[in-house]
Participant: 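My questions will all concern the structure given below.
Since the model is a prediction, treat every value here as computed from it, not as a measurement. The sequence lines fix the lettering, A, B, ..., with proteins before strands; numbering per chain opens at 1.
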Amino acid sequence: MDVGQLQRQFIDYTASLFREEWRGFLDDQFTQLRKLQDENNPDFVFEVVSLFFDDSEKLVNNMAKALEQPTVEFKQVDAHVHQFKGSSSSIGAHRVKNVCVAFRSFCEQQNIDGCKRCLQQLKHEYSLLKSKLETLFRLEQQIMAAGGSIPMVE
Amino acid sequence: MEKMGFGNVTSTSKTMKIIDTEKKISVLIVEDDLLIQKIHKVMMTKFGTEVQLAANGKEVVDLFLSGASFDLILTDLEMPIMDGIEATKKLRSMGVTSMIVGVTSRNQDSEIQAFMKSGLNACYVKPLNAEKVTVVLNELKNI
């Protein structure tokens, strides 16, 4: 595949992640992060996304442990979800953030079933996002290996 | 509430400050989350400011006690050891007149009001983005 084709594939794939009818995986905050990447910070987005997924693993594990306790400390669960909401909105992880919003409601209601359902949804959404972003980064690497530049998709 | 804009300062800290326009604006980012620290640092650096980091309110207070000063402090609310409210109150009581802007995940009116009352110049809900940073820096240049 030539550079032009790779770049078009990248543009189409990126646009698909923002598409509203699929309840966009990403929102404008992700675009803001891409704009921060430059020659001084050439791997900024990759580093930030990697940090996010490392943090996510720990937070999801903490939530799971907290929900397995004989007496669930909903404030503790909420604290983890709150942190996850903050980091997901900071990278533009739109769907993950929305699940966190619903999750916090269930924590407030002390609804254990609702919380457990949200946890499963959270795991699902963040796995999906991880896979989508890995594809995106792979496409970027292919473009750069072919000597092209990464298009900015607004 | 998305933000409490400038003009709602509840402290008596708004004094004239001459900022050397040739010197970079110095910014202290106070944030315990490493991911958000990284994003805010790169964002503020991209806007041409000189950035230093602190992980909690106590580090900020210690910095000022040691004689450091900054044109702008961007502070989170929830942090270990000393949170943003306590740190802001302490800084204002020490006579710190720098612009202090809260950046928090909390978005309930009452929570933002409480944070503002501690002596902030303005407060924004996370995430920080180019638009919010532009407003803050323009406000700083106009003081």
Participant: Is any side-chain heavy atom of Arg106(B) closer than 4.5 Å to one of His82(A)?
Facilitator: yes
Participant: Are there residues of residues 55-78 of chain A whose heavy atoms fall under 4.5 Å of chain B's heavy atoms? If so, which?
Facilitator: Asp55(A)
Participant: Are Ile81(B) and Val30(B) joined in one hydrophobic group, where the rule is that I, L, V, M, F, W and Y side chains link up if heavy atoms are under 4.5 Å apart?
Facilitator: no
Participant: For chain A, which candidate among Leu35(B), Asn129(B), Leu34(B) shows the most heavy-atom pairs at distances under 4.5 Å?
Facilitator: Leu35(B)
Participant: Name the region of Lys35(A), side chain, backbone, both or neither, that has any atom closer than 4.5 Å to a heavy atom of chain B.
Facilitator: backbone
Participant: Please say whether more than 12 non-hydrogen atoms of neighbouring residues, nucleotides or ligands are located less than 6.0 Å from CD in Gln5(A).
Facilitator: yes
Participant: How far does CG of Leu36(A) sit from NE2 of His40(B), to the nearest 0.5 angstrom?
Facilitator: 10.0 Å
Participant: Between Leu33(A) and Leu129(A), is there a shared hydrophobic cluster once you connect ILVMFWY residues whose side-chain heavy atoms come closer than 4.5 Å?
Facilitator: yes
Participant: Given Asn40(A) and Lys46(B), is the side-chain contact (heavy atoms from CB on, under 4.5 Å) satisfied, shown in steps?
Facilitator: CA-CA 10 Å; Asn40(A) 296 319; Lys46(B) 191 96 175 171; over 6 Å; no
Participant: Taking side chain as everything from C-beta outward and backbone as N, CA, C, O, which of these in Lys38(B) sits under 4.5 Å from a heavy atom of chain A? Side chain, backbone, both or neither.
Facilitator: both
Participant: Which heavy atom of Gly86(A) sits nearest a heavy atom of Ser105(B), and at what distance?
Facilitator: CA-OG, 4.1 Å
Participant: Please check: side-chain N/O of Gln32(A) versus main-chain N/O of Ala130(B), any donor-acceptor pairing under 3.5 Å?
Facilitator: yes
Participant: Flag yes if more than 12 heavy atoms outside Gln109(A) fall under 6.0 Å of its CD atom; otherwise flag no.
Facilitator: yes
Participant: Should Phe18(A) and Val99(A) be regarded as members of a common hydrophobic cluster, given that ILVMFWY residues are connected when their side-chain heavy atoms come within less than 4.5 Å of each other, either directly or indirectly?
Facilitator: yes
Participant: Which heavy atom of Ser90(A) sits nearest a heavy atom of Pro127(B), and at what distance?
Facilitator: CA-CB, 3.9 Å
Participant: Go through Val42(B), Thr45(B), Leu128(B) and name the one with the most non-hydrogen pairs under 4.5 angstrom from chain A.
Facilitator: Val42(B)
Participant: Mind checking which of residues 43-51 of chain A sit less than 4.5 Å from chain B, heavy atom to heavy atom?
Facilitator: Phe44(A), Glu47(A), Val48(A), Leu51(A)
Participant: Under a 4.5 Å heavy-atom cut-off, does chain A meet the side chain of Ile36(B), its backbone, both or neither?
Facilitator: side chain
Participant: So if you build clusters from Ile, Leu, Val, Met, Phe, Trp, Tyr with side-chain heavy-atom gaps below 4.5 Å, do Leu128(A) and Leu26(A) land together?
Facilitator: yes
Participant: When rounded to the nearest 0.5 angstrom, what is the spacing between NZ in Lys126(B) and OG in Ser87(A)?
Facilitator: 9.5 Å
Participant: If you group Ile, Leu, Val, Met, Phe, Trp and Tyr by side-chain heavy-atom gaps below 4.5 Å, do Phe106(A) and Val81(A) land in one group?
Facilitator: no
